[in-house]
Every structure is written in C-alpha cells, then in structure tokens.
Amino acid sequence: DEFPVGSIVHVRKGRFYISRLDEGVLAMWHRCTHLGCTVPWRDDEGRFHCPCHGGIYNKKGEVLAGPPPRPLDLFPVEIVDGEIVVDTSRVITRDRFDPSQATPV
C-alpha cells in the first residue's frame, strides 16, 4: 500500500528507486548506464532525466533518449512478510525491460 501503482520512490541510503508498475516492483540503481551519474526522477516530466548528458529513462528504466547504452540496472527484490527487501550487493544488467523482471506484490 505504501507504493501505489505508478509511484517512484527514491531510497537515497540504498541508492536506488522503487518503481511500482502494474507488473510488480522494480528496484533500479539510480546510476546512469552511460557514465554513472546519479539520475533523478523528474515528477514534472514523468521520467528519469540524467543531468550529465541528457539520458532519459521511463518508469521501467528503459532508455527513451540520449547516450545510455541500456536500461537502468536492477537490484534483486523479495517480498518478506509484506516488506520489500532489496539486495544492493548484486547488480542485474539488462538490455531491455521484460515484465518478468518485476517482483509481484
């Protein structure tokens, strides 16, 4: 309930975003896949917009514009006793979004 569908929440301490999709939850590293800049979520634009070189990503982390070579990286997610648990020690790289990447809630 804390993460309604369509919401984006930045977990600064963990350096990731929780993106709540229809398919479930993604934990996306807030690091641009171009050169590693921190990518802020822009509520006013409805997307992630990297200030360094203009990389733009949607709520699924897919590249919409700019130089990033691939979507935002993911961290594994588990739901434990109704809580979202994110493993930031393991980075998952991907070349596209697939609904199976989202953890159902």
Side-chain angles (χ1 to χ4, degrees):
D1 294 339
E2 189 176 335
F3 303 98
V5 173
S7 66
I8 302 288
V9 176
H10 193 195
V11 181
R12 291 183 196 281
K13 185 175 179 181
R15 300 181 328 216
F16 63 87
Y17 290 97
I18 295 288
S19 180
R20 178 68 160 87
L21 308 170
D22 290 327
E23 299 88 350
V25 173
L26 294 176
M28 297 183 292
W29 197 358
H30 71 192
R31 190 176 79 94
C32 184
T33 58
H34 177 230
L35 291 176
C37 299
T38 298
V39 181
W41 171 253
R42 297 284 308 262
D43 274 326
D44 60 330
E45 294 181 11
R47 56 193 180 179
F48 296 96
H49 193 148
C50 184
C52 297
H53 300 103
I56 297 174
Y57 304 86
N58 66 14
K59 289 183 178 189
K60 297 175 182 178
E62 298 169 303
V63 178
L64 300 177
R70 58 189 167 74
L72 292 172
D73 295 328
L74 302 177
F75 292 121
V77 175
E78 286 185 273
I79 307 298
V80 178
D81 296 327
E83 298 285 324
I84 296 173
V85 178
V86 178
D87 179 0
T88 58
S89 70
R90 232 179 75 216
V91 177
I92 300 168
T93 59
R94 57 195 177 136
D95 59 358
R96 62 183 174 78
F97 171 74
D98 184 279
S100 67
Q101 295 165 349
T103 301
V105 290

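Just so you know, residue 1 is the first one in the sequence shown, and it goes up from there.
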With the side chain counted from C-beta on, respond yes when Q101 and L26 share a heavy-atom pair under 4.5 Å apart, and no when they do not. yes
Quick check for you: to the nearest 0.5 Å, what is the distance between E83 atom CD and E78 atom CD? 13.0 Å
When clusters are formed by joining ILVMFWY residues with side-chain heavy atoms under 4.5 Å apart, either directly or through shared neighbours, do V11 and W41 land in the same one? no
Going by the salt bridge (charged side-chain N to carboxylate O under 4.0 Å, His left out) test, which pairs reach into residues 48-58, not counting sequence neighbours? none
Residue pairs, two or more places apart or on separate chains, that pass disulfide (SG to SG under 2.5 Å) and touch residues 76-105: none
By the side chain to side chain donor-acceptor pair (under 3.5 Å) test, which pairs, at least two apart or in different chains, include something from residues 19-28? none
Apart from V80 itself, which Ile, Leu, Val, Met, Phe, Trp or Tyr residues share its cluster (side-chain heavy atoms under 4.5 Å, direct or through members)? V85
Enumerate the disulfide (SG to SG under 2.5 Å) contacts for residues 66-100, please, sequence neighbours excluded, ordered by first and then second residue. none
L72 with V9, same ILVMFWY side-chain cluster at under 4.5 Å: no
Is it the case that the ring center of H10 lies less than 6.0 angstrom away from the ring center of Y17? yes
Report the hydrophobic cluster partners of L35, with the cluster defined as I, L, V, M, F, W, Y residues connected by side-chain heavy atoms closer than 4.5 angstrom, directly or transitively. none
Is there a side chain to side chain contact (heavy atoms under 4.5 Å, CB included) between H30 and V39 once you walk through the steps? CA-CA 5 Å; H30 71 192; V39 181; 5.6 Å; no
Output every pair passing ring pair (Phe, Tyr, Trp, His ring centres under 6.0 Å) with a member in residues 57-105, not counting sequence neighbours, ordered by first then second residue. W29-F75
hydrophobic_cluster_shared for F3 and F16, side chain cutoff 4.5 Å: yes
For P104 and I79 the tightest heavy-atom approach is O-CG1, 3.7 Å
If you look only at pairs with a residue in residues 86-97, which of them pass as a salt bridge (charged side-chain N to carboxylate O under 4.0 Å, His left out), with sequence neighbours excluded? R96-D98
Determine all donor-acceptor pairs shorter than 3.5 Å in which one atom belongs to a side chain in residues 47-56; sequence neighbours excluded.
residue: R47; atom: NE; partner: E45; partner atom: OE1; Å: 3.2
residue: H49; atom: ND1; partner: E45; partner atom: OE1; Å: 2.9
residue: H49; atom: ND1; partner: E45; partner atom: OE2; Å: 3.2
residue: H53; atom: ND1; partner: H34; partner atom: ND1; Å: 3.4

Answer yes or no: does atom CG of D81 have more than 12 heavy-atom neighbours from other residues, nucleotides or ligands under 6.0 Å? no
For R70, enumerate each residue passing the side chain to side chain donor-acceptor pair (under 3.5 Å) test, keeping only those at least two apart in sequence or located in another chain. D73
In this structure, would V86 and L21 fall into the same cluster of hydrophobic residues linked by side-chain contacts under 4.5 Å? no
Test of understanding: clusters of I, L, V, M, F, W, Y form through side-chain heavy atoms closer than 4.5 Å, transitively. Do I18 and V91 belong to the same one? yes
Taking side chain to side chain donor-acceptor pair (under 3.5 Å) as the definition, give me every residue that meets it alongside E62, ordered by chain and number, with sequence neighbours left out. N58
Heavy atoms only: give me the nearest P69-T33 pair and the separation to one decimal. CD-O, 3.3 Å
